[in-house]
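Numbers restart at 1 for each chain; the letters A, B, ... are given by sequence-line order, proteins then strands. All heavy atoms count here, side chains included; hydrogens, waters and symmetry mates do not.
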Amino acid sequence: MCCFSSLSIKVEEDTGYHHPIKHEKALKRERDEDEYEHKPKKVKVDNEKKVKKRKQEEDDDNNKNAGLFCNVCLCLPLFLRWEEEKCTDGSKWRFLEHKGPVFPPPYEPLPDRVRFHYDGKAMKLSPGAEEVATFYAKMLDHEYTTKDIFRKNFFKDWRKEMTSEEKSKITELKKCDFTEMHEYFKAQSEARKQMSKEEKQKIKEENERILQEYGYCVMDNHRERIGNFRIEPPGLFRGRGDHPKMGKLKRRIRPEDIIINCSKDSVHPKAPPGTRWKEVRHDNKVTWLVSWTEKIQGSIKYIMLNPSSRIKGEKDWQKYETARRLKKIVERIRAQYREDWRSKEMRIRQRAVALYFIDKLALRAGNEKDEGETADTVGCCSLRVEHIRLHPQMDGQDYVVELDFPGKDSIRYYNKVSVEKRVFKNLQLFLENKQAKDDLFDRLNTSILNKHLQELMDGLTAKVFRTYNASITLQQQLKELTSSDDNIPEKILSYNRANRAVAVLCNHQRAPPKTFEKSMHNLQTKIDEKKKQLSAAKKELKAAKADAKTLRDEKSKRVVETKKKAVQRISEQLMKLEVQATDREENKQIALGTSKLNYLDPRISVAWCKKLGVPIEKIYNKTQREKFAWAIDMTDEDFEF
DNA sequence: CTAGTCAAGTCGGGGGGCACACA
DNA sequence: CTGTGTGCCCCCCGACTTGACTA
């Protein structure tokens, strides 16, 4: 729980003890705010005019795209057609036909020789209890199984699946011995690795067959790839961070849980024999094909189309267009929030400082979360006093803000930034008379913030700043780092460095790969070998040159030439390896994939590739090229984000 | 490494409930 | 006073994007 719900509670609690929100200064501020509220009617009128003018500019810009055609589906005058359709009635498609989801195979009971032991004694479990036990057995060497919450949740849910007899016998998890089961599964996966080529080929073909049958749908005359057409198999819930629900049983999804979405006039998917769907509906206002409710969090899961599909590509394109519209007015917005740092109203100051963080540090919005239902993580609006420290002076810099909090997926955000004096002073004010667990921005939440942003620009929300800042950073960095004189490996290193700058901005971290040291070592060995090769080649060249000098014949001249070429080739290879090593080292704890896939306008990369003669394959792999087909196709080298 | 998996975010909209005006 | 209409707020949930991890 955070800002808003706690705000109302805070006010109630206030009768009991001295709470920050109603201390004297705050009360005075409230009075000030009331006065302030009555004044600025005029400002609003001005704003409306500005908005209109801005809209005009934006429309002009959109029209520039009118000449583009869609090569994704080869047949349509591109995005504008989609625009029109959507504007009229919000429908996402006219025709949708698919085969429904693929269910995981049913549970296969263990052979009798694989036993479960309780309190030292072998015990045959009922199929239901056994299946759940296998989920745990499979995870035995995972850290999860050492965690109390995980064990407690698992045991509780497991007992629900036991027969009454089992339930009365099995009362303590620590007396359970799953090792035989664990060994069995290890052997199984080993056996899978050892399978013959033919067997592997057979499995591959079967998978391909399923993909062809269930992995595609028809949406508005196009055969489109589905993203995730397999139903999630049962297992134990693995939350991230300190998740209060880790270890709970994720039950098997049955056809009776499934809602199918398709068009009326399509051939509806058939439920497996002897079963029926929960519902078949025909809602073309949404993009999903199949949905079901997940029982642990009560959230809905979907089967949707692959990122290469028209519907996703169009959304992606729109996202970047919104970010580009922000680019045009971002200076205006910055000027405004700087102005707002001096507002008489607390809520406006908080809003302005939060927006500054979102803009400068690319923080996420920070919605409220259900306390006790999810891991304790925060974003900008839900920052608490305990997550921030103020240093008037630090490392030779003034007004340093130290941020340290668990963000999305419980990834730590740690940063020290020097901020403007006014921001610093405001933060001091927000912190006054608060406890560690209190909200930093007690008069702000994401909905207030986004409503404000919506007034500044159509479609503007907190996350647009992340997209905008990521993309603009890539563009700037590419400009700064690359030169057309560089060779291809150097250009790619520069690209990765630009990409890396974005990943650092967005705090996209990864655990250093387990094999990192080893692969680094391997690479170093290769480099050493290359160096030896090079010096050998140089020696040979020298000798050849000496020969040529004494002999002065055509043949030895030619030898010199080939040796020269060899030296050149080897030193190029060496350089390539060294660049690779640098790249990998710098990438140890940083993940580039997320920003590449979700934050960087692909047109920037495509234009850069075209301009510098870098093949697009060096930047995007096959999947990525499919996802960004729209950009690869419509972008020329002059594109500016 | 890549592709796939599935958890965890963002954000908007709908609907219930409440305050208030008015017949 | 009661019943009805209206507007607003807030909460919840649905849909969709983002994200780290793993087979």
Legend entry - Sugar-phosphate, base or nothing in reach of A:Tyr302, heavy atoms under 4.0 Å: base
Inset, instruction - Have a look at A:Leu597 and say if it touches a base, only the backbone sugar-phosphate, or nothing, with a 4.0 Å heavy-atom cut-off. - result: nothing
Legend entry - Residue A:Ile411, side-chain heavy atoms: nucleotide from C:dA15, C:dT17, C:dA20 that is nearest: C:dA20
Inset, instruction - May I have the step-by-step check of side-chain hydrogen bond (donor to acceptor under 3.5 Å, both in side chains) for A:Glu199 and A:Ser196, ending in yes or no? - result: CA-CA 5 Å; A:Glu199 285 172 308; A:Ser196 69; 3.1 Å; yes
Inset, instruction - Answer yes or no: does a side-chain N or O of A:Lys319 lie under 4.0 Å from OP1 or OP2 of C:dT18? - result: yes
Inset, instruction - Would you indicate which nucleotide in B:dC11, B:dT2, B:dA7 comes nearest to any side-chain atom of A:Lys250? - result: B:dA7
Legend entry - Pairwise 5' ranking along DNA chain C for A:Lys451 and A:Met304, keeping only the more 5' one: A:Lys451
Inset, instruction - Identify whether any heavy atom of A:Ala462 sits under 4.0 Å from a base atom; if not, whether one sits that close to sugar-phosphate; answer base, sugar-phosphate or nothing. - result: sugar-phosphate
Inset, instruction - For A:Leu289 and C:dA15, give me the distance from atom CG to atom P, rounded to whole Å. - result: 13 Å
Inset, instruction - Would you indicate which nucleotide in C:dT17, B:dT2, B:dT10 comes nearest to any side-chain atom of A:Ala365? - result: B:dT10
Inset, instruction - Scan A:Glu294 against the nucleic acid and name what it touches under 4.0 Å (heavy atoms): base, sugar-phosphate only, or nothing. - result: nothing
Inset, instruction - Taking atom types as modelled, find out whether A:Asp359 and A:Asn469 have a side-chain donor-acceptor pair closer than 3.5 angstrom. - result: yes
Inset, instruction - Give A:Ser299 one of three labels, base, sugar-phosphate or nothing, depending on what nucleic acid heavy atoms sit under 4.0 Å from its own. - result: nothing
Inset, instruction - Determine: side-chain N/O of A:Asn621 to OP1/OP2 of B:dA3, distance under 4.0 Å, yes or no. - result: yes
Legend entry - Side chain of A:Arg225 (C-beta onward), nearest among B:dT2, B:dA7, B:dG4: B:dG4
Inset, instruction - Classify the side chain of A:Lys408 versus the base of C:dT18 as yes if they form a donor-acceptor pair under 3.5 Å and no if they do not. - result: yes
Inset, instruction - May I ask you to check whether A:Tyr413 and A:His387 place their ring centers less than 6.0 Å from one another? - result: no
Legend entry - Closest approach of A:Leu456 to A:Ile329 (non-hydrogen atoms, all atoms of both residues): O-CD1, 3.8 Å
Legend entry - side-chain N/O A:Gln509 vs C:dA20 OP1/OP2, d < 4.0 Å: no
Legend entry - SB check A:Glu232 A:Lys250 (cutoff 4.0 Å): yes
Inset, instruction - Give one of base, sugar-phosphate or nothing for A:Lys463, where a contact means two heavy atoms less than 4.0 Å apart. - result: sugar-phosphate
Inset, instruction - Report the nucleotide, chosen from B:dA7, C:dG14, B:dA3, that has the shortest atom-to-atom distance to any side-chain atom of A:Ile300. - result: C:dG14
Inset, instruction - Using only side-chain N and O atoms of A:Thr461, determine if any of them is under 4.0 Å from OP1 or OP2 of B:dC11. - result: yes
Inset, instruction - Describe the nucleic acid contact of A:Pro307 in one word from base, sugar-phosphate, nothing, applying a heavy-atom distance below 4.0 Å. - result: nothing
Inset, instruction - Please work out if A:Lys193 contacts a base, only the sugar-phosphate, or nothing of the nucleic acid, heavy-atom cut-off 4.0 Å. - result: nothing
Inset, instruction - Salt-bridge test for A:Arg384 and A:Asp376: reply yes if a basic N is under 4.0 Å from a carboxylate O, no otherwise. - result: yes
Inset, instruction - Round to a whole Å and report the spacing from CG of A:Asp409 to P of B:dT5. - result: 18 Å
Legend entry - Residue-phosphate contact under 4.0 Å: A:Thr287 side-chain N/O, C:dC16 OP1/OP2: yes
Legend entry - Under-4.0 Å side-chain N/O to phosphate OP1/OP2 contact, A:His508 with C:dT18: no
Legend entry - Closest listed nucleotide, where the reference is the side chain of A:Thr594 and the choices are B:dT2, C:dC16, C:dA20: C:dA20
Inset, instruction - For A:Gln454, answer base if it contacts any base atom (sugar-phosphate contacts may also be present), sugar-phosphate if it contacts only those atoms, and nothing otherwise; contact means non-hydrogen atoms under 4.0 Å. - result: sugar-phosphate
Inset, instruction - Describe the nucleic acid contact of A:Ser189 in one word from base, sugar-phosphate, nothing, applying a heavy-atom distance below 4.0 Å. - result: nothing
Inset, instruction - Give A:Arg192 one of three labels, base, sugar-phosphate or nothing, depending on what nucleic acid heavy atoms sit under 4.0 Å from its own. - result: nothing
Inset, instruction - Have a look at A:Arg240 and say if it touches a base, only the backbone sugar-phosphate, or nothing, with a 4.0 Å heavy-atom cut-off. - result: base
Inset, instruction - Give a yes or no on whether the ring-centroid distance for A:His98 and A:Tyr214 is below 6.0 angstrom. - result: no
